[in-house]
Protein chains: 2
Amino acid sequence: MPTIRDVANAAGVSVGTASRVLAGHAATSEESRASVTAAAAALGYRMNARARSLRGSRTQTLGLLVSDVRNPFFSELAHAAEHAAGEHGYLCLLANANEDADQEQRYLDAFASQQVDGVLMTPQSENNPELGRILDDGTPVVFVDRTLRSHTVPSVTVDNAGGIRSALEHLRRRGHTRVGYIAGPTSVSTGAARLAAIDELRAEFGLDNDPLLVIEGDFRAESGTDAALRMLELADRPTAILAADGLMALGAYAALGPRADPADIELVSFDDLEIFGQLHLPISSVSNDPGTMAGEAVRMLLAAIDGEQVESVVLPTRFIDRSAPRGER
Amino acid sequence: MPTIRDVANAAGVSVGTASRVLAGHAATSEESRASVTAAAAALGYRMNARARSLRGSRTQTLGLLVSDVRNPFFSELAHAAEHAAGEHGYLCLLANANEDADQEQRYLDAFASQQVDGVLMTPQSENNPELGRILDDGTPVVFVDRTLRSHTVPSVTVDNAGGIRSALEHLRRRGHTRVGYIAGPTSVSTGAARLAAIDELRAEFGLDNDPLLVIEGDFRAESGTDAALRMLELADRPTAILAADGLMALGAYAALGPRADPADIELVSFDDLEIFGQLHLPISSVSNDPGTMAGEAVRMLLAAIDGEQVESVVLPTRFIDRSAPRGER
DNA sequence: CTGTTAGCGCATTCAT
DNA sequence: ATGAATGCGCTAACAG
């Protein structure tokens, strides 16, 4: 691969001049601009981004660490973040923590040694020492979707309590008082916040206060299936099930089986997945658009990289009612 | 951030010695090993991967370019590739071409300027000049899932004809002769190969040769919905629909609607998505495991980076029958 | 075994 | 406007 030196030689100028022309610097003559450009094209010159970033202080690279790329919510988030970053000339290093704290640390270390300009992440483990080091180094970090008690970091999250409230309002309108809740892990901020909201609002919405109606899952489909099956075996079955995330809602859907009657049980999910619109049992949802979250988070991160002070934002949710018309219940 | 020079000073050795210790090089004394290690820990030293790769020839970084991360097939592929790469000490730059040829070129350029050691991609545009340049530079490239006529590159693909055959065998067993086919874009190798296989086998399997029963989609859900709707409006409706990929199958499923009777129409998909097992209309599928494909592709790419000659591989598919028992038809 | 030196590709001084 | 020189952090070659 030709270097800038080859280009300079071919163009008959010094590397300094070649560098200035290639960087679009102002102080260059028409003549050298022409010869350097021609030489670069002829040689098929391509700038070495790593060498450039060694000299300068920016790498134009962002680290993006999500909990699980196979979760549609996060893959949408990753896509949107990568897209937004690209629009600002940044490249993303995408990594998948895979719900594993060790892996999360390894990737953060890799990000740091790759000199990323900033990190966007959906954190999952409290007191992650690697995160502490990165912050100490002065690398800007923005949390998306989740937060951590152990570290004060700007974040983009949704109004979990508001979302839960909208779901409960829906369920009250539909006449449900016996509602099963498939919780997320309370070790994760979203899991904890949503469960806390349920407990807070239980009385106001006249929900049965039965501990058997709350089962903690792990934000994956299978745990949703298990939880739903256990609830359905109860002597006093719930008439509706609310899941703390989309995958667990899908798991609960699977548990109900292909012959389930929409009038039999009502499903509501936190997170809106595209597939929900296509199922034979409608799943209403609290929609928290990952695309919007990612866009906002990238904006914040870039501002932080530019040295600005950024404030956390909490986005509103929107309830999507997919339930059958009243008459059909 | 402390550099290796700071560590060397703190340890009272030269940078050369510090470098050797940190790299785990053999020729170091017990004494310097101890002092350097201690100094590095005390200072919180972290190697600068970009500076290292500027000196050496490897960056330990792979470029991974997929057509659409939001497609579960590709997100699974990306996850598996990243995981496999990580196990070999490689970091992945993940990019999303988003089914756009321009974007594909931009990312390939970015990969090259980041000096990736190799590129793993699901190609989508023939005669991509940027791809030509990368190959000319001697950067190893491996195609996954798809191939290109314009470039001879080692690839990991599935046996498309065999997969189609297994689907048609299933449909014949179930007594279908009027089968609608939702094709993929013929500009993509998989789309073309699967359609060609159908045409090839049409007579052998006694399928109706009605042009109205073949509609070309674009591998996205919506096109599957459109195609299925058009087929269902035909005076002589198909009794089964076969889709060239999972998302279009899901789209067709949506077109059938929540009240569709499993006995009414049979759905088969090329690609197996996790959700298929949970729908009220079963979707049988030709499973081509993206995890296996990605693992194999990473193995090949790393071998190619090590200068070995690698051969393309074609993986077999496995048919997953989710149709209702015969008695219920 | 270790210190010294050079150089990877580039941008940026400082002279001119 | 441009050339020469310097250094980013690191590894490798060469002496010792």
Side-chain angles (χ1 to χ4, degrees), chain A residues 1-37 39-40 43-61 89 109-117 137-139, chain B residues 1-37 39-40 43-61 109-117 137 139:
Chain A
M1 295 232 309
T3 73
I4 198 172
R5 164 169 254 130
D6 300 323
V7 174
N9 288 148
V13 298
S14 72
V15 290
T17 303
S19 171
R20 281 181 279 255
V21 170
L22 263 13
H25 218 282
T28 51
S29 70
E30 180 66 45
E31 192 182 354
S32 52
R33 238 173 299 156
S35 62
V36 169
T37 309
L43 294 176
Y45 170 74
R46 175 146 45 199
M47 202 212 33
N48 182 326
R50 304 179 87 96
R52 181 220 277 268
S53 66
L54 182 59
R55 181 71 175 118
S57 53
R58 298 279 175 84
T59 59
Q60 299 290 112
T61 303
D109 179 48
F111 283 173
S113 71
Q114 291 290 339
Q115 317 295 114
V116 298
D117 293 336
D137 289 346
T139 305
Chain B
M1 295 233 308
T3 73
I4 198 173
R5 165 167 256 130
D6 300 322
V7 174
N9 287 149
V13 299
S14 71
V15 289
T17 303
S19 171
R20 280 182 283 255
V21 170
L22 262 16
H25 218 282
T28 51
S29 70
E30 180 66 45
E31 193 182 356
S32 52
R33 237 173 300 156
S35 62
V36 169
T37 308
L43 294 175
Y45 170 74
R46 174 145 46 198
M47 203 213 29
N48 182 326
R50 305 178 87 97
R52 179 219 280 266
S53 66
L54 182 59
R55 185 68 175 109
S57 53
R58 299 277 177 83
T59 59
Q60 298 291 113
T61 303
D109 180 48
F111 283 173
S113 71
Q114 291 290 340
Q115 319 294 115
V116 298
D117 293 337
D137 289 347
T139 305

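So that the names make sense, note that chain A is the first sequence line, chain B the second, and so on, each numbered from 1.
Contact between A:Ala51 and B:Leu54 at its shortest, heavy atoms only, is CB-CD1, 3.6 Å. Taking each heavy atom of A:Gln115 and A:Thr59 in turn, the nearest pair found is O-OG1, 2.8 Å. Taking every heavy atom of both residues into account, A:Ala10 and A:Leu43 meet most closely at CB-CD1, 4.1 Å.
Residue pairs meeting the side chain to side chain donor-acceptor pair (under 3.5 Å) criterion with at least one partner in residues 14-24 of chain A, sequence neighbours excluded, are A:Ser14-A:Thr17.
Note on B:Thr28: only backbone sugar-phosphate atoms sit closer than 4.0 angstrom, heavy atoms only; bases stay farther off. Nucleic acid contact for A:Ser32: sugar-phosphate only, since backbone atoms but no base atoms lie under 4.0 Å from a heavy atom of the residue.
At least one side-chain heavy atom of B:Asp137 sits under 4.5 Å from a side-chain heavy atom of A:Arg46.
With sequence neighbours excluded, no residue forms a salt bridge (charged side-chain N to carboxylate O under 4.0 Å, His left out) with B:Arg52. Looking at residues two or more places apart in sequence or on another chain, you find no side chain to side chain donor-acceptor pair (under 3.5 Å) involving A:Asp6.
Here the range on DNA chain C touched by chain A, meaning any atom under 4.0 Å from one of its heavy atoms, is C:dG9 to C:dT13.
In summary, of the residues considered (A:Gln60, A:Arg50, A:Gln114), a side chain to side chain contact (heavy atoms under 4.5 Å, CB included) with B:Gln114 occurs for A:Arg50 alone.
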Report summary line: Whether each nucleotide of nucleotides 7-16 of chain D has a protein heavy atom under 4.0 Å at its base (B), only at its sugar-phosphate (S) or at neither (-) is summarised, 5' to 3', as BBBBBBB---
Query raised in the report: For B:Leu22 and B:Tyr45, what are the C-alpha separation, side-chain angles and deciding distance, and is it a side chain to side chain contact (heavy atoms under 4.5 Å, CB included)?
Result: CA-CA 10 Å; B:Leu22 262 16; B:Tyr45 170 74; 3.6 Å; yes
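A distance-only check finds no donor-acceptor pair linking the side chain of A:Arg33 to the backbone of A:Val21 [under 3.5 Å].
Using five terminal pairs a side, the axes of the helix from C:dC1-D:dG16 to C:dT16-D:dA1 at its two ends make an angle of 40°, given in steps of 10 degrees.
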